[in-house]
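Keep in mind that what you see is a predicted model, and the values were worked out from it rather than measured. Below, chains carry the letters A, B, ... as their sequence lines are ordered, and counting in each starts from 1.
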Amino acid sequence: MRSFIRRRLLQFVPTVLGVTLIMFVLLQLIPGNAALSSAGRLEMDAKVLALLKEDLQLDKPAYIRYFNYLANLAQGDMGKSLLRNYDVADVVFDRLWATLKLAFSAISIALLLGVPLGFLAAFRQGTWVDMLSAVVSVVGVSVPQFWLGILLMYVFAFSLNLLPTSGYGGGSLANLVLPALTLGIGYTALLARITRAAVVEVLSADYIRTARAKGLSEMEISYKHVFRNAFILILTTAGLLFGSLIGQTVVVERVFAWPGIGSLLVEAIFQRDIPVAQGCLLVIVMVFLIVNLLIDILYNVVNSQIDFK
Amino acid sequence: MKHSIRKSLLACVAALGLGIPLHAAEMGGSFNFVAPYDGSILTLDPHRTSKQQDLLVANNIFRSLYMWSVEDQRPMPELAKHVEVSEDGLTYTYTLKDGMKFHNGREMVASDIAYSYERMLTMDPVSPNSGHIQVIQGGSELQNGEADSLTGVKVIDDKTFSITLTERIDPAYQFFRPGTAIVPKEEVERLGDQFGLTPVGSGPFVFKEWVKGSEVTLTRNPDYYEQGKPYLDSVVFKIMQEGTSRDIAFRSKELDAIIVEAPQYQSYKNDPDYADNLIEVAEMFTRLIVWNPDYEPLANRKVRQAISYAIDEKTINSRFLKGKAYDPVGWLPESSEAFDKNATGFGYDLEKAKALMAEAGYEEGFEITISGTANGSYGVAVAEVIGQYLSKINISVKIQQLEGGILYDNMIAGDYQGIIWSFGAGPEPLAALKRWHSTTQNTSGNYPHYNNPEYDALLDQALEESDPAARVELLKKADAVFRDDAAVWIFNYNKAVLAAQPWTHGLKPVAIEIMYQDLADVWVDSTSPRAPK
């Protein structure tokens, strides 16, 4: 187990290196630069603009900037924001917690609603429950987050006056509910479909028939065999979904004025604040890698027969 | 008697229009405002940013030497009680008001002004607002490292200082900008980079808290130099970029005032609860299409004029933009001192347009690509409508949607045929018109390389003219020359709109940028959910 974790951690190094290179090249390819963006308005005194480019080292070749970036990164320095004049790490980590909270809540909603819904649909295959779950899932997956967010805001905040419309509210639970629901509903639907498929597959396996033949109760079969076997697929999917969630919070963050990393990333790209954009992407990649490592470890907890070699 | 009644009626109407309270202001309460523009707030150090999103907050923490006066429609001295101008019009001597204190309790002195302007010219990276300070003698030398201090600013004593300019311009239009605010040296040095995160100014509100990406909270400055102000105990700027979300939050009474976008404008106009609480102003932004004269058909003045005649901008403004725009005359907007009230724009005249196209030899028409962003008020959607009009004079329009930064790069490189955009056209008319002077580089705003000796001469004369009225006349003429050349197609001046809750008082139609509200004047009455209990 330990050697597995060590090996996986070592694999992080080439992955992160590869990601930084791709990121750097892609971000360099976008026209425009931070010096212009910091003008805020389009027009700026030409002399001031030239000075600003020099100060921001935008006059140096891209490969030199990349190696400087890597050298600093190796020492734990993510660089300085071109527009904010602060350390990228401060800017990014200031916003990471809000996104993690949102993503964790959304995936929790998806797990708590989607998995039972999937189980129910699988056990009641072909009945109206299954049909209904399919319809709900398709609707849940297809509804655009932007529209859903505004709708929930209109109903729960404006009409019913139950929750605040938007904002972080100092991290209060009331402010978290609507953005988490908006983000979670789509993933609930996805997880319900995947759970159903996994459970149906397990239910038709030979060992379930054997278990039934041995006279085990449905309850025992469900827990000991179906749940534990289907859960591997569900867990893998949930892990992947959580990773992608971090990168997909931007729409919800914008609608609900939620101060997360997704909106920061998009903003940094528009402002050509490349170090901040790189910082955000790097953190998102790291979260993705760590979550998936944790999921792999969890396999062992759920089913100790899984071989880590 | 009759005269005085009319006068007081007029005063009432003016006061209503300006949002000036007619009854006594109430003290206390909190005010929830928005920071509605793109992106988070980057810094609250006014010298480090020229973004409206940052400055609309900083504007209430700091004060500049001058401030925009809505009542006077020009910048007025803010920190000085007395200003004296030398005979050559180059040296201004200021005497500071008494009892002005920074938020750390120290009194503001003349050397703070010298320090602030020197800081802007010497900071690293360079201040994006330093262009405004370069009009001071020795400014460029200090910025280029050829001098150690700003020779044009002389501190005479604690209360008095003089500023000598390089040319005869009105310094009010440079030093009123929120980005040229006065900062306390000891706090800047003590806080270093953190000054932008925990700013210390001399404005009506003191910085309290900034939740990154979410909101900034300011509290009342009890030592503010204007007696009895500010009225509010605290102000919260909520960072909200999404118009629909702002709309719902405002209607749920979570916000006290918001900026209204075109899609929501008519619904507020028709809503009896809010129709009387809209504050509208012709903001000093002119929406237009820049034509590239390097594209052969557009080099022809008659073709450009034909385009101007062929498009009915009034219909576009009233129907497509839902009336959230003012119909244009020339480059200078209605709120400009040199706006010509008697002039008319091209108007819609299809026959004349066709005749001009024939005269220019383009009866068969040509193809043109108009590039723009996704902006609803001055982006590709408007260009689509224009395409319909231009098809009637056989010009076929292709639309290209680009992101703002890329569009700007193309504009500088001359890699475009037509670009639809919104340009700042104020507040000082000469400076605004100077954009189209042949000596102005394209990086500084003369994108179509406009070059008309007659226009240049009028501006040069205006610069030398000391009689303000004669100067305005010259500027009006210059604006007319530019308009007739149709180097750009102008379709409106932005109508900026704020919607306020009925309990909000004192918001004003600020023409330079409606979000630059001086919240020292704003108060809420007891019906506000955030009024003091």
Check your understanding: For A:A257, does its backbone N or O pair with a side-chain atom of B:Q241 as donor and acceptor, under 3.5 Å?
Key -> no
Exercise for review: Find the one option among A:V255, A:N161, A:T165 whose heavy-atom pairs under 4.5 Å with chain B are most numerous.
Suggested key: A:T165
Check your understanding: chain B contacts: which residues in residues 93-103 of chain A have a non-hydrogen atom closer than 4.5 Å to it?
Key -> A:D94, A:R95
Practice item. Please round to the nearest 0.5 Å and tell me the distance separating atom CE of A:M153 and atom OG1 of B:T244. Key: 8.5 Å
Practice item. Kindly compute the distance separating CG (B:D247) from OH (A:Y154), expressed to the nearest 0.5 Å. Key: 10.0 Å
**Study point:** Closest contact, heavy atoms only, B:S214 versus A:Y168
**Key:** OG-CB, 3.4 Å
Tell me, side chain or backbone of [X] under 4.5 Å from chain A's heavy atoms, or both, or neither?
| X | result |
| --- | --- |
| B:I248 | both |
| B:K238 | neither |
| B:L407 | neither |

Exercise for review: Verify the neighbour count for atom OH of A:Y66: are there more than 12 heavy atoms of other residues, nucleotides or ligands below 6.0 Å?
Suggested key: yes
Exercise for review: Evaluate the side chain to side chain contact (heavy atoms under 4.5 Å, CB included) criterion for residues A:L264 and B:K212: first the C-alpha distance (whole Å), next the side-chain angles of each, then the deciding distance (0.1 Å), finally the verdict.
Suggested key: CA-CA 10 Å; A:L264 180 69; B:K212 304 287 178 319; over 6 Å; no
Check your understanding: Taking B:K253, B:Q194, B:E403, B:R246 one by one, which has the highest count of heavy-atom pairs under 4.5 Å against chain A?
Key -> B:E403
Revision key, fill the gap. Assert top hit (heavy-atom pairs under 4.5 Å, partner chain A, pool B:L55, B:D193, B:T43, B:D54) equals B:D193
Review point. Do the side chains of B:R251 and A:F158 get nearer than 4.5 Å, heavy atoms only?
Key: yes
Practice item. Would you mind reporting whether B:E242 and A:F256 have side-chain heavy atoms less than 4.5 Å apart? Key: no
